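Here the structure is laid out as structure tokens; the discussion comes afterwards.
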Number of protein chains: 2
Amino acid sequence: MEVAEKRNEYIHIKNHIAQEVKSNLPLEDTLYNLADLFKLFGDTTRIKILYLLFDRELCVCDIATLLGITQSAISHQLKTLKANKLIKCRRVGKTVFYSLADDHVRTIIAQGAEHLEE
Amino acid sequence: MEVAEKRNEYIHIKNHIAQEVKSNLPLEDTLYNLADLFKLFGDTTRIKILYLLFDRELCVCDIATLLGITQSAISHQLKTLKANKLIKCRRVGKTVFYSLADDHVRTIIAQGAEHLEE
DNA sequence: TTATCATATGAACAATCATTCATACGATTG
DNA sequence: CAATCGTATGAATGATTGTTCATATGATAA
């Protein structure tokens, strides 16, 4: 599609640039997954849970108690976080302990926090 | 509140740990802002826009054409991104060029992409 | 001034999503 | 076995939010 040629060549981007810009875009699928990943950090409850797990593993009911949020709500969110591999868990008897899956979680949140400090 | 003492001391977290974990949590306000920031990255259209702006500034109609999305939709999203200081703009005649506000945007997205490559 | 181009914006609608409620499952204890 | 504890889950609801549509604003050109 002749993007630039439809309009003023001197203001809008030239056609060969348009091609380049477009070809630099990741695949639709990748972009979708990226947005989906960031959505996980876009909820206060989930951010709180992740922060709690920064230093140590915690069981469901402790997370719920510490945050003052329903066990059910926490459990739903833990499921979401686990399905997206941000956290992992291990079972000890009746208790299930959750912890961060990898360091990217810390890094991503840290970068976000840094952006806000300006 | 006596968190741990209500339950089995040997499985659930001890009270002084609970205090420590809680005190390590950022302020409610900060957590809210963090979630709000990540929400911005949690939408495919906004991620696409940001990616387009990685290398160069672009005007509204070019972004819309390149992405195949309505000018109105793009304009709404640009407003959101700008209100949250992820992008900035400059006006040249009728045209408004948008560009990334700082490097955190690139870093945050890069970290997210890295997490997905596993 | 009038026409046109580029962008912005308000309202409405549709879709997404987090929480609640009730209940079920799994494991331990008595 | 029954009772209890910790966790998980499905359905429903309320709230949030991205897009569309119509229209307005701002700037340039004729």
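Every chain is numbered from 1, with letters handed out A, B, ... down the list of sequences. The figures that follow rest on heavy atoms only: side chains count, while hydrogens, waters and symmetry mates do not. Please read these numbers as outputs of a predicted model, since none were measured by experiment.
Of the candidates Ile49(B), Leu58(B), Val60(B), Tyr98(B) forms a side chain to side chain contact (heavy atoms under 4.5 Å, CB included) with just one, namely Val60(B).
One interatomic measurement links the two molecules: CD1 of Ile69(B) to C1' of dG18(D), which rounds to 11 Å at whole-angstrom precision. Residue Arg90(B) contributes atom CZ, which lies 15 Å from atom C1' of dA6(C) at whole-angstrom precision. One interatomic measurement links the two molecules: CD1 of Ile87(A) to P of dT7(D), which rounds to 13 Å at whole-angstrom precision. Distance Leu67(A) CG to dA18(C) P: 16 Å, rounded to the nearest Å. Spacing between atom CG of Leu78(A) and atom P of dG6(D) amounts to 16 Å, rounded to whole angstrom units. Atom pair Asp62(A):CG and dG6(D):C1' shows a separation of 11 Å (rounding to whole Å applied). Remark: C1' of dG6(D) and CZ of Phe97(A) are 11 Å apart, rounded to the nearest angstrom.
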**OP:** Go along nucleotides 21-30 of chain D 5' to 3' and tag each nucleotide: B for a protein heavy atom under 4.0 Å from its base, S when only backbone or sugar atoms are that close, - otherwise.
**Re:** BB---BBS--
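Contacts classified as salt bridge (Lys or Arg N to Asp or Glu O under 4.0 Å) and involving residues 81-94 of chain A (residues at least two apart or in different chains) are given here: Glu57(A)-Arg90(A).
Residues satisfying the side-chain hydrogen bond (donor to acceptor under 3.5 Å, both in side chains) test with Asn84(B), not counting sequence neighbours, are none. Applying the salt bridge (Lys or Arg N to Asp or Glu O under 4.0 Å) criterion to Glu114(B), with sequence neighbours excluded, gives no partner residue. With sequence neighbours excluded, the residues satisfying salt bridge (Lys or Arg N to Asp or Glu O under 4.0 Å) with Asp103(B) are Arg106(B). Residues passing the side chain to side chain contact (heavy atoms under 4.5 Å, CB included) test with Leu116(B), sequence neighbours excluded: Asn33(A), Leu34(A), Leu37(A). Residues satisfying the side chain to side chain contact (heavy atoms under 4.5 Å, CB included) test with Ala110(A), not counting sequence neighbours, are none.
In this model, the phosphate group of dT17(D) is not approached by any side-chain N or O of Gln77(B) to a distance below 4.0 Å at OP1 or OP2. At least one side-chain nitrogen or oxygen of Tyr98(A) sits closer than 4.0 Å to the OP1 or OP2 atom of dA8(D).
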For residues 40-48 of chain B, dump all side-chain donor-acceptor pairs below 3.5 Å to protein atoms at least two apart in sequence or in another chain.
residue: Asp43(B); atom: OD2; partner: Thr45(B); partner atom: N; Å: 3.1
residue: Asp43(B); atom: OD2; partner: Arg46(B); partner atom: N; Å: 3.1
residue: Arg46(B); atom: NE; partner: Leu40(B); partner atom: O; Å: 2.8
residue: Arg46(B); atom: NH1; partner: Gln77(B); partner atom: OE1; Å: 2.9
residue: Arg46(B); atom: NH2; partner: Lys39(B); partner atom: O; Å: 3.0
residue: Lys48(B); atom: NZ; partner: Glu28(A); partner atom: OE1; Å: 3.1
residue: Lys48(B); atom: NZ; partner: Glu28(A); partner atom: OE2; Å: 3.1

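In the set dT9(D), dT19(C), dT9(C), dT9(C) carries the atom at the smallest distance from any side-chain atom of Lys79(B).
Counting heavy atoms from C-beta outward, Leu50(A) and Ile87(A) have side chains that approach closer than 4.5 Å.
Contacts between residues 40-58 of chain A and DNA chain C, defined by a heavy-atom separation below 4.0 Å, involve Asp43(A), Thr45(A), Arg46(A), listed by number.
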